Amino acid sequence: MFFYLIISTFVLAIIVSLLVMKIFSNSINSILARIIHDPIYTAWARYTKFAGMVVGVSSGIRIYDMEKYITPLTYTGKDEKNIVLPLTHERWFLEIYRTIIETLQGLAWMMLVFFMVSLIAYVIVRWSEMKYQIK
């Protein structure tokens with residue numbers, strides 16, 4: 001059951017990342033085409049989309065959080081117990097929901113950084129265009 005959970009969250013993180021990168025694909029291409037006046041912008045756009053996939057998948061799958069389903073938790077006290085959390089339907093739903101949210105959150109942060117850096121680069125490009133246009 002644990003292996004199905006890992007595979008399910010991995011596939012789900014890939015699907016969510018693909019959808020988000022597809023939605024932002026035109027924006028990434030347009031921004032990089034405007035900032036980089038060279039055909040190499042397509043390579044940078046492809047790299048940015050690949051980075052988005054990596055960030056999305058690595059954010060969506062939380063291996064350390066999933067260890068609780070295979071590693072016994074030790075409770076100390078009067079009756080010392082080793083308990084492994086069972087994978088119930090509720091926990092499956094929670095893990096799938098958490099995978100979607102964490103994937104989107106990781107991609108949102110990555111896209112925020114990308115667009116902030118792009119905005120700074122755009123301002124610099126516009127400033128240099130205006131500076132050379134006046135002369």
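Since this is a predicted model, take the numbers as computed values, not measurements. We number each residue from 1, following the sequence as shown.
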### Query
For R62, what residues pass the salt bridge (Lys or Arg N to Asp or Glu O under 4.0 Å) criterion, not counting sequence neighbours?
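With sequence neighbours excluded, R62 shows a salt bridge (Lys or Arg N to Asp or Glu O under 4.0 Å) to D65, E95, given in chain and number order.
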
### Task
Check K49 against S25 and note the closest heavy-atom contact, atom names and distance.
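Closest heavy-atom pair between K49 and S25: NZ-OG, 2.9 Å.
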
#### Entry: Contact check, side chains of I100 and L12, non-hydrogen atoms, under 4.5 Å
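Answer yes - side chains close enough.
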
### Query
Would F50 and R46 satisfy side-chain contact (heavy atoms from CB on, under 4.5 Å), going step by step from the backbone distance to the final call?
CA-CA 6 Å; F50 170 74; R46 192 175 305 131; 5.9 Å; no

Does a sphere of radius 6.0 Å around [atom1] in [X] hold more than 12 heavy atoms from other residues, nucleotides or ligands, not counting ones at 6.0 Å or beyond?
{"X": "H37", "atom1": "NE2", "result": "yes"}
{"X": "W44", "atom1": "CH2", "result": "no"}
{"X": "F2", "atom1": "CZ", "result": "yes"}

#### Entry: Whether T71 side chain and K68 backbone form a donor-acceptor pair below 3.5 Å
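Pair absent, no side-chain N/O of T71 close to backbone of K68.
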
### Message
Please check: side-chain N/O of S59 versus main-chain N/O of G56, any donor-acceptor pairing under 3.5 Å?
### Response
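Pair absent, no side-chain N/O of S59 close to backbone of G56.
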
### Message
One pair to check against side-chain contact (heavy atoms from CB on, under 4.5 Å): R34 and R126. What are the steps and the verdict?
### Response
CA-CA 10 Å; R34 175 68 177 101; R126 284 291 293 157; 3.2 Å; yes

Donor-acceptor pairs under 3.5 angstrom involving side-chain atoms of residues 115-123: please list them, not counting sequence neighbours.
residue, atom, partner, partner atom, Å
S118, OG, F114, O, 2.7

### Task
Establish whether V113 and F24 are linked, either directly or via other cluster members, by ILVMFWY side-chain heavy-atom contacts under 4.5 Å.
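Not linked; separate clusters.
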
### Task
Say whether I70 and I63 are linked into one hydrophobic cluster, either directly or through other cluster members, by side-chain heavy-atom distances under 4.5 angstrom.
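Linked within one cluster.
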
### Query
Can you list the steps and then say if R98 with L94 is a side-chain contact (heavy atoms from CB on, under 4.5 Å)?
CA-CA 6 Å; R98 194 177 290 159; L94 182 64; 3.4 Å; yes

